[in-house]
S.K.: 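Here it is, the structure, as structure tokens.
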Amino acid sequence: MNIFEALRKDHDEQRALLARLADTSGDTENRRNLFHQLKEALELHADAEERYFYVPLIDSDKTQEKARHGIAEHHEIDEFIEQLEQTEMDSPSWLKIAKDLKERVEHHLAEEEQEVFQMAGKVLTENQKTDLAKEYQDHMQRGH
């Protein structure tokens, strides 16, 4: 498995969690569980992705700007999570923020998969692609 496949697998899980969360209503156990799962998944993924994908890309002039942009988007996503934590779960604005988060994350994932992966494919060696995937997956497993 290469780093792109490893990241895409987790991206797909995030998309599924976001869709399920946007479909919830009220302050329910289901909403709480999904939000907790999503928060953990996003935090762990962002940390691992920055270490094993973005950091190596910052070293190359070709991908440095994209990598920094991706890291900045992770911070924006964190801000949405904080807003959700500070909002009552049964308030109508909670679902609105959750849908904004969904849109933001989906935009970030699409941009990564369609643009960053293409550029990274040109700057990373085949060995780096598989080594980074292994390090990324090890980190994700330790994080759970």
Side-chain angles (χ1 to χ4, degrees), residues 1-25 28 30-89 91-144:
M1 183 178 276
N2 68 35
I3 187 65
F4 308 117
E5 293 161 335
L7 293 173
R8 191 170 278 123
K9 179 181 161 288
D10 287 336
H11 288 176
D12 289 343
E13 287 171 17
Q14 290 168 28
R15 286 185 180 101
L17 282 169
L18 285 158
R20 288 171 60 200
L21 186 66
D23 214 21
T24 61
S25 58
T28 60
N30 183 39
R31 180 179 272 186
R32 286 186 177 280
N33 288 340
L34 285 169
F35 177 62
H36 180 72
Q37 282 176 45
L38 178 67
K39 180 183 177 226
E40 296 251 306
L42 289 173
E43 285 174 358
L44 185 60
H45 172 75
D47 184 35
E49 184 174 68
E50 285 174 18
R51 289 174 197 235
Y52 305 112
F53 186 57
Y54 285 136
V55 167
L57 296 181
I58 285 174
D59 291 341
S60 167
D61 289 344
K62 285 189 189 124
T63 49
Q64 187 176 75
E65 194 181 322
K66 282 281 182 206
R68 292 193 177 186
H69 176 72
I71 291 169
E73 287 190 340
H74 284 169
H75 294 297
E76 289 174 20
I77 290 166
D78 290 343
E79 287 168 17
F80 278 108
I81 296 281
E82 279 176 33
Q83 278 181 15
L84 285 171
E85 288 178 322
Q86 292 160 8
T87 306
E88 293 295 324
M89 264 196 184
S91 129
S93 54
W94 197 92
L95 189 60
K96 187 198 174 311
I97 298 165
K99 287 181 175 172
D100 290 345
L101 169 69
K102 178 177 184 282
E103 205 172 277
R104 192 81 207 99
V105 173
E106 286 172 348
H107 158 84
H108 172 70
L109 301 181
E111 191 173 55
E112 248 173 31
E113 291 171 2
Q114 291 156 21
E115 295 174 29
V116 187
F117 283 14
Q118 311 305 322
M119 294 169 82
K122 294 179 182 133
V123 300
L124 299 172
T125 66
E126 291 309 310
N127 281 347
Q128 280 178 303
K129 290 173 194 174
T130 53
D131 290 350
L132 290 169
K134 186 179 176 341
E135 291 174 43
Y136 169 82
Q137 289 172 312
D138 288 348
H139 183 101
M140 292 299 284
Q141 266 154 9
R142 281 194 312 273
H144 282 118

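Please read all numbers here as calculations on a predicted model, not as lab measurements.
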S.K.: Do Arg31 and Leu95 have side-chain heavy atoms sitting under 4.5 Å apart?
M.R.: yes
S.K.: Going by heavy atoms in the side chains, are Trp94 and Glu88 under 4.5 Å from each other?
M.R.: no
S.K.: Before accepting this row, confirm whether a basic side-chain N of the pair Glu126/Lys129 lies closer than 4.0 Å to the acidic partner's carboxylate O.
M.R.: yes
S.K.: If I compare all heavy atoms of Gly70 with all of Tyr54, which pair ends up nearest, and what's the gap?
M.R.: CA-OH, 3.5 Å
S.K.: So do Gln128 and Ile3 actually touch side chain to side chain, heavy atoms under 4.5 Å?
M.R.: no
S.K.: To the nearest 0.5 angstrom, please state how far the CZ atom of Arg20 sits from the CG atom of Asn30.
M.R.: 7.0 Å
S.K.: For Ser60 versus Val123, what's the shortest heavy-atom pair and its separation?
M.R.: OG-CG1, 3.5 Å
S.K.: State which residues pass side chain to side chain donor-acceptor pair (under 3.5 Å) with Thr28; sequence neighbours excluded, sorted by chain then number.
M.R.: none
S.K.: Just so I know, are the side chains of Ile97 and Phe80 near enough to count as touching, which here means a heavy-atom distance under 4.5 Å?
M.R.: yes
S.K.: Which heavy atom in Tyr136 sits nearest to a heavy atom in Glu49, and how many Å separate them?
M.R.: CE1-N, 3.9 Å
S.K.: List the atom of Ala133, the atom of Asn2, and the distance in Å for their closest heavy-atom pair.
M.R.: CB-C, 3.3 Å
S.K.: Grab the two heavy atoms, one from Ala67 and one from Ile58, that are nearest each other, plus how far apart they are.
M.R.: CB-CG1, 3.7 Å
S.K.: Using the test side chain to side chain donor-acceptor pair (under 3.5 Å), find all partners of Asp100 that sit at least two apart in sequence or belong to another chain.
M.R.: Lys96
S.K.: Is Asp61 atom CG crowded by more than 12 heavy atoms from other residues, nucleotides or ligands, each under 6.0 Å away?
M.R.: no
S.K.: First locate atom CD of Gln14, then atom CG of Leu7, and finally report the distance between them rounded to the nearest 0.5 Å.
M.R.: 9.5 Å
S.K.: Strictly below 4.0 Å, N to O, side chains only: are Glu13 and Lys9 in salt-bridge contact?
M.R.: yes
S.K.: Is there side-chain contact between Phe35 and Thr24, with heavy atoms separated by less than 4.5 Å?
M.R.: no
S.K.: Does the side chain of Leu57 reach to within under 4.5 Å of the side chain of Lys66, using non-hydrogen atoms?
M.R.: no
S.K.: Take His11 and Glu113 through the test side chain to side chain contact (heavy atoms under 4.5 Å, CB included) and record every step on the way to the result.
M.R.: CA-CA 9 Å; His11 288 176; Glu113 291 171 2; 2.7 Å; yes
S.K.: Do the non-hydrogen side-chain atoms of Thr63 and Val116 ever get within less than 4.5 Å of each other?
M.R.: no
S.K.: What pair of heavy atoms forms the shortest contact from Gln137 to Met1, and how long is it?
M.R.: NE2-SD, 3.0 Å
S.K.: Can you measure from CG (Leu124) to CZ (Phe53) and round to the nearest 0.5 angstrom?
M.R.: 7.0 Å
S.K.: Determine all donor-acceptor pairs shorter than 3.5 Å in which one atom belongs to a side chain in residues 102-111; sequence neighbours excluded.
M.R.:
residue: Lys102; atom: NZ; partner: Glu106; partner atom: OE2; Å: 3.1
residue: Arg104; atom: NE; partner: Glu76; partner atom: OE1; Å: 2.6
residue: Arg104; atom: NH2; partner: Glu73; partner atom: OE2; Å: 3.1
residue: Arg104; atom: NH2; partner: Glu76; partner atom: OE1; Å: 2.8
residue: His107; atom: NE2; partner: Glu73; partner atom: OE2; Å: 3.2
residue: His108; atom: ND1; partner: Glu73; partner atom: OE1; Å: 2.6
residue: His108; atom: NE2; partner: His74; partner atom: NE2; Å: 3.1
residue: His108; atom: NE2; partner: Glu112; partner atom: OE2; Å: 2.9
residue: Glu111; atom: OE1; partner: His69; partner atom: NE2; Å: 3.0

S.K.: Do Lys134 and Asp131 meet the salt-bridge criterion of a basic N to acidic O distance under 4.0 Å?
M.R.: no
